[in-house]
Amino acid sequence: MSNIYNGVYSVLLGMVITLRQLFKPSVTHQYPYENDFEINDNIREIPVGFRGQLHNRVEDCIVCKKCAQICPVDCIHIDARKPEKGGKMWESMNVVHLKDQTRIVGIIDGKPPKKIEPDMQFTIQHANPEGTTHPDIPAGATVKISGDKVDRIIDRKKVVLFMDQFDIDMTLCLFCGLCTEVCPTECLTMKDSLEGIEYSEFDRENLIYKFADPTLYK
Ligand code: SF4
Ligand code: SF4
């Protein structure tokens with residue numbers, strides 16, 4: 001009798017819980033079609049140093065291939081070539097990243113300061129020698145720009161190799177971070193933001209991240 005009582009009681013209890021849930025609003029969201037929750041309400045903090053998606057700031061990459069050599073699963077594919085004979089080879093350059101997310105490649109007059117103050121003025125010679133890194137500035141121009149528009153300035157070493165391909169197959173990546181540790185210019189990093197954990201794709205091809213930017217070398 002006790003077993004029958006317990007059996008009936010647990011079934012009824014389960015039904016009551018099920019019925020109660022029927023009248024509550026649905027909490028399931030159809031990710032990735034609906035991702036407002038992740039973007040707006042996800043209060044979990046991504047810890048600094050989290051190993052998320054890989055990103056290569058290619059303008060700083062010297063195509064040394066150290067990252068590809070150390071990768072234990074061979075998921076980094078790099079192809080580079082020497083410039084054609086007589087082709088233009090640029091010495092070291094500065095890459096001026098502006099706050100509007102554009103950048104100017106050129107040679108800064110004087111040494112770039114460690115800290116950029118808003119009242120500073122920068123003269124950039126031979127701006128965008130390779131072409132189209134900034135939509136409004138013609139190649140070879142000299143540009144004056146004030147510090148309040150500048151986000152950061154980085155040195156780019158002499159261009160020795162042109163990068164034709166820099167692909168990372170994120171479907172194979174182990175997130176070990178070894179590639180970022182050996183990178184001599186620290187241009188290869190792992191995102192430690194919400195952006196770094198969003199991977200949903202319908203096509204596996206979209207998980208092969210392609211970083212080569214031919215406009216940097218033309
Ligand atoms: S983090 Fe990924 S790409 Fe980098 S070395 Fe490890 S497995 Fe290779
Ligand atoms: S180690 Fe860094 S600089 Fe060298 S090829 Fe890889 S990303 Fe580029």
Side-chain angles (χ1 to χ4, degrees), residues 32 38 44-84 87-97 101-108 111-112 114 128-134 151-218:
E38 276 71 18
R44 287 170 299 169
E45 283 186 14
I46 312 293
V48 176
F50 175 82
R51 292 184 197 154
Q53 291 177 23
L54 280 159
H55 178 74
N56 189 2
R57 248 181 8 247
V58 276
E59 63 268 27
D60 302 334
C61 176
I62 53 172
V63 208
C64 65
K65 299 191 181 178
K66 284 187 178 176
C67 51
Q69 282 162 0
I70 203 161
C71 178
V73 291
D74 288 338
C75 67
I76 303 180
H77 304 284
I78 302 173
D79 194 11
R81 69 190 145 91
K82 283 191 175 167
E84 295 79 30
K88 201 172 252 181
M89 290 285 289
W90 290 97
E91 295 299 320
S92 33
M93 290 272 167
N94 302 113
V95 183
V96 183
H97 290 267
Q101 305 296 316
T102 56
R103 62 172 185 251
I104 306 170
V105 182
I107 301 166
I108 294 275
K111 203 172 173 342
K114 284 212 167 90
N128 301 330
E130 297 112 353
T132 56
T133 45
H134 192 288
D151 183 39
R152 63 187 198 280
I153 301 173
I154 47 179
D155 288 330
R156 186 166 124 202
K157 300 284 175 265
K158 182 179 172 179
V159 175
V160 180
L161 291 167
F162 291 171
M163 180 197 292
D164 285 327
Q165 181 194 25
F166 193 109
D167 297 351
I168 305 181
D169 188 342
M170 294 304 292
T171 63
L172 298 177
C173 177
L174 303 170
F175 304 94
C176 63
L178 288 173
C179 54
T180 61
E181 282 174 28
V182 295
C183 179
T185 61
E186 297 181 4
C187 63
L188 192 60
T189 53
M190 299 180 106
K191 292 180 186 170
D192 56 4
S193 61
L194 190 59
E195 199 189 0
I197 61 168
E198 289 243 326
Y199 280 91
S200 302
E201 291 290 348
F202 291 103
D203 188 346
R204 289 171 70 91
E205 281 294 306
N206 294 338
L207 288 168
I208 300 174
Y209 293 177
K210 296 178 186 295
F211 294 102
D213 179 1
T215 63
L216 276 177
Y217 304 104
K218 278 200 178 121

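Whatever order the structure lists ligands and atoms in, that order sets their numbers, starting from 1.
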Protein N/O/S neighbour count - atom 4 (Fe) of ligand 2, strictly under 2.8 Å: 1
Answer with side chain, backbone, both or neither: which part of L172 has a heavy atom less than 4.0 angstrom from an atom of ligand 1? neither
Which pair of non-hydrogen atoms, one from V73 and one from C173, has the smallest distance, and what is that distance? CG2-CA, 4.4 Å
Are any of the side-chain heavy atoms of Q165 and I78 separated by less than 4.5 Å? no
Straight-line distance of M190 CE to C179 SG, nearest 0.5 Å: 6.0 Å
Once you restrict to heavy atoms under 4.0 Å, what part of L54 touches ligand 1? Side chain, backbone, both or neither. side chain
Could you tell me if the side chain of F175 sits less than 4.5 Å from the side chain of L54, heavy atoms only? no
Considering residues, nucleotides and ligands other than E201, do more than 12 of their heavy atoms fall under 6.0 Å from its CD? yes
Do the non-hydrogen side-chain atoms of I168 and L188 ever get within less than 4.5 Å of each other? yes
Using a 4.0 Å cut-off to any heavy atom of I76, which atoms of ligand 1 qualify? 3 (S)
Got a sec: does the NZ of K66 have more than 12 other heavy atoms crowding it under 6.0 Å? no
Do you know which two heavy atoms are closest between D192 and I46, and how far apart they sit? O-CG2, 3.6 Å
Which heavy atom of A68 sits nearest a heavy atom of D74, and at what distance? O-OD1, 4.3 Å
If I compare all heavy atoms of V58 with all of D213, which pair ends up nearest, and what's the gap? CG2-CB, 4.1 Å
Excluding water, the protein N, O or S atoms sitting under 2.8 Å from atom 6 (Fe) of ligand 1 are C176 SG
Over 60° means perpendicular and under 30° means parallel, so classify the ring planes of F211 and H55, tilted if in between. perpendicular
